[in-house]
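A short worksheet on the structure shown next.
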Amino acid sequence: MFSARPTLWHLSPDRFFDPDPARRRLARELYESVADLPLVCPHGHVDPRLLADEEATFGSPTELLIISDHYVYRMLYSQGIPLESLGLSPSPPARCSRRVCDPALKVEEPGVRVETDHRRIWQTFADHFHLFRGTPTGVWLAHELHQVFGIEEKLTSQTAQDIYDQLVARLASPEFRPRALFQRFRIEVLCTTDAATDPLVHHQALRASGWPGDVRPTFRPDAVINLLTPGWQDHIQALSDLSGVNVHSYRTFIQALEERRAFFKRLGATATDHAVESAETAELTPAEAERIFQRARRGQTTPEDARRFTAHMLMESARMSLEDGLVMQLHVGSLRDHNVPLFDRFGPDRGADIPVAAEFTRNLRPLLNRFGNDPRLTLIVFTLDESAYARELAPLAGHYPALKLGPPWWFHDSINGMNRYFDQVMETAGLHNTVGFNDDTRAFPSIPARHDVWRRVSANWVAGLVVRGIVDRDDAQEMIVDLAYRLAKRAYRFGD
């Protein structure tokens, strides 16, 4: 018979290590040598408001762990659980333009009940917690619940409400406010991702507060570079207002971007971020760029215009990075909002972004031929197309001084994804043409869990090199410190 007693969490101290005793023993030693190093978080999506106000809280357990995390609710949705039952409100399609939706406009549609009782939502989550077994989200959640929040019992239908009560009590205490956890997690630096038109008021408040935590913005110009962004003219007006440059031409557009980049740098930014479906780069003449820009101002942009302009602006962004020293991040290969009916109902970023195949050798050639031989530029490339790792990206990074490879990203930020990355990249690119790890998360309490997975898998990979006689123990120790800490700090120029 099954026991009625709750099952306790048991996170093996040797989790993610190889079963071979010699490799496991060495992996454990290497991991333990870096487990308590500070966390360098150079790319992510934590809301800076959480840290700008010393009294800020995370809200309810449901807000923190379910409603705000598309990794969680996309899995539940895949099993037929409506997003409404998880507390997500539909967005009226007439007021929600493609990929731009004002959260303030969200309303219930007739006949659809949006669950507002957070305990009920939590119970639904607990009833289906088994869906996350064997997934990275399940690994992160186990770490968060047990090691961050001190929950001893596993989350089940039976334990759901008691665990909810425990979480409510913890989240109400000063020790579990965002700033307190920032210190507890030993975060050395944390970077947010911010639109080019973000006034960065929360970053300014952080600086003015005197709080010692190092939180930096990252410049993301996608909404003004992608000419098909809904409300593009409004974004350009905001760019004009914030930069102090009257953006009426391609030349003034570039001036405004350069001014905003300088503003971000004054608030501590060391990097930019560019999300594109394709890695295509190409250079337009000034006259061509001006014609395309003016068609966009008149609302006459074509898909071909947008494609060519984005390819050109990646070149221009690399030129700017060479001049102002900001590291350039390029995230390639996500087809956004694949589920059109879901987008029309709920708006963007609801867990329906899907990877597409990507090509780099030809697409990046114009940019790399112009800028890639200059070591003053750092271009960090991420991809959702794993097939490109060994075929294209590792050879490119192993040659061009400017090019570095970002860690496994998004769907590949997992135990198996990391193992595949090490196997496909390191022999050709070399360790020092990679940049360590970033957590890329909106879920603040998952930050230590994600870094812990990386450090464990890295230790296991390095241990495998030792037991096969590829590197010795001294080299292995240097490599694990690089992977856990030094590579990211160096690549993103923290401390420069």
Side-chain angles (χ1 to χ4, degrees), residues 4-11 44-77 81-89 103 106 113-133 137-187 190 211 213 439 441-450 452:
R5 293 181 300 173
T7 302
L8 302 181
W9 286 110
H10 175 68
L11 303 185
H45 301 277
V46 170
D47 189 337
R49 287 178 293 184
L50 287 173
L51 297 162
D53 181 357
E54 63 179 338
E55 300 300 322
T57 67
F58 291 110
S60 74
T62 296
E63 290 173 300
L64 174 63
L65 297 175
I66 304 172
I67 295 175
S68 63
D69 193 344
H70 63 74
Y71 283 91
V72 171
Y73 59 71
R74 79 184 303 273
M75 175 63 80
L76 301 174
Y77 181 79
I81 298 169
L83 293 185
E84 293 91 343
S85 69
L86 301 173
L88 279 75
S89 298
K106 294 188 175 183
R113 182 179 182 277
V114 177
E115 184 59 73
T116 59
D117 185 329
H118 286 195
R119 283 187 176 272
R120 287 179 180 270
I121 296 170
W122 183 263
Q123 187 66 52
T124 298
F125 172 55
D127 291 343
H128 297 87
F129 193 67
H130 62 278
L131 298 176
F132 298 98
R133 291 171 181 161
T137 304
V139 169
W140 302 330
L141 287 167
H143 185 116
E144 290 175 69
L145 290 170
H146 184 49
Q147 297 195 232
V148 174
F149 292 105
I151 304 300
E152 296 294 334
E153 300 170 352
K154 293 179 73 173
L155 182 61
T156 65
S157 297
Q158 293 70 36
T159 63
Q161 295 307 314
D162 180 60
I163 289 175
Y164 193 89
D165 290 336
Q166 293 180 57
L167 290 172
V168 167
R170 286 163 174 74
L171 289 172
S173 68
E175 293 82 4
F176 285 87
R177 288 179 181 157
R179 286 190 178 186
L181 288 182
F182 187 101
Q183 303 291 353
R184 177 181 156 192
F185 293 164
R186 303 179 307 280
I187 297 176
L190 182 144
W211 180 62
D439 49 77
T441 186
R442 290 172 175 82
F444 186 80
S446 76
I447 289 174
R450 293 170 185 242
D452 188 69

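Here the structure is a predicted model, which is why all the values come from computation and not from measurement.
A side-chain donor-acceptor contact under 3.5 Å links S446 and T441.
Taking 4.5 Å as the limit, every side-chain heavy atom of F125 sits out of range of all side-chain heavy atoms of Y164. Side-chain contact between T156 and T7 is absent, with no heavy atoms from C-beta onward closer than 4.5 Å. Between D117 and E115, some side-chain heavy-atom pair lies under the 4.5 Å cut-off. For the pair W122 and I163, the minimum side-chain heavy-atom distance is below 4.5 Å. A 4.5 Å side-chain heavy-atom check between L8 and E153 finds at least one atom pair inside the cut-off. Two residues are said to be in side-chain contact when any heavy atoms from C-beta on lie closer than 4.5 Å; T137 and W140 meet this criterion. Using a 4.5 Å heavy-atom cutoff, the side chains of Y73 and I67 are not in contact. Annotation: side chain of L171 is in contact with side chain of L64 (closest heavy-atom distance under 4.5 Å).
Salt bridge present: D165 and R119 bring a charged side-chain N and a carboxylate O closer than 4.0 Å. Using a 4.0 Å cut-off between charged nitrogen and carboxylate oxygen, R177 and E175 do not count as a salt-bridge pair.
Annotation for R186: atom CZ counts as buried by contact number, over 12 foreign heavy atoms lying within 6.0 Å. At most 12 non-hydrogen atoms from other residues, nucleotides or ligands lie less than 6.0 angstrom from CZ of R120.
Put simply, the side chain of W211 never gets that close to the backbone of E54: no donor and acceptor are under 3.5 Å apart. Judged purely by atom type and a 3.5 angstrom limit, S85 has no side-chain atom pairing as donor or acceptor with the backbone of I81. Judged by distance alone, the side chain of R442 and the main-chain N or O of H45 form no donor-acceptor pair under 3.5 Å. Counting only distance, with no hydrogens or angles, the side chain of R179 and the backbone of A52 share a donor-acceptor pair below 3.5 Å. One N or O on the side chain of H128 and one on the backbone of T124 form a donor-acceptor pair closer than 3.5 Å.
Taking the centre and axis of the six-membered ring of F185, the NZ or CZ atom of R450 falls outside the cone set by 45° and 6.0 Å.
Here the closest non-hydrogen pair linking L145 and F129 is CD1-CZ, 4.5 Å. Annotation for H118 and S60: closest pair ND1-OG, 2.7 Å, computed over non-hydrogen atoms. Between P61 and L167, the closest heavy-atom pair is CG-CB, 3.6 Å. When all heavy atoms of T159 and K154 are compared, the closest pair comes out as OG1-O, 2.8 Å. Counting all heavy atoms, side chain and backbone alike, A180 lies closest to P174 at CB-O, 3.4 Å. Nearest heavy-atom pair across P448 and V148 is CG-CG2, 4.2 Å.
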Report the C-alpha distance between V72 and Y77 in whole Å, list the side-chain angles of each, state the deciding distance to 0.1 Å, and finish with yes or no for side-chain contact (heavy atoms from CB on, under 4.5 Å).
CA-CA 9 Å; V72 171; Y77 181 79; over 6 Å; no
Could you walk me through whether M75 and F132 pass the side-chain contact (heavy atoms from CB on, under 4.5 Å) test, one step at a time?
CA-CA 8 Å; M75 175 63 80; F132 298 98; 3.5 Å; yes
Test side-chain contact (heavy atoms from CB on, under 4.5 Å) on L181 and F58; report intermediate values, then the result.
CA-CA 11 Å; L181 288 182; F58 291 110; 3.7 Å; yes
Let me see the working for T62 and L86 under side-chain contact (heavy atoms from CB on, under 4.5 Å), right down to the final yes or no.
CA-CA 9 Å; T62 296; L86 301 173; over 6 Å; no
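Here CG of L51 is found 7.0 Å from CG of L190. Values are rounded to the nearest 0.5 Å. Interatomic distance, CD of Q123 versus OG of S157, reported as 5.5 Å (0.5 Å rounding). Note: I151 CD1 to D162 CG = 8.0 Å, rounded to the nearest 0.5 Å. One distance of note links NE2 of H146 with CG of L141; it measures 14.0 Å at 0.5 Å rounding. Taken to the nearest 0.5 Å, the NE2 atom of H130 stands 12.0 Å off from the CG atom of L155.
With ring centers used as reference points, F149 lies under 6.0 Å from F176.
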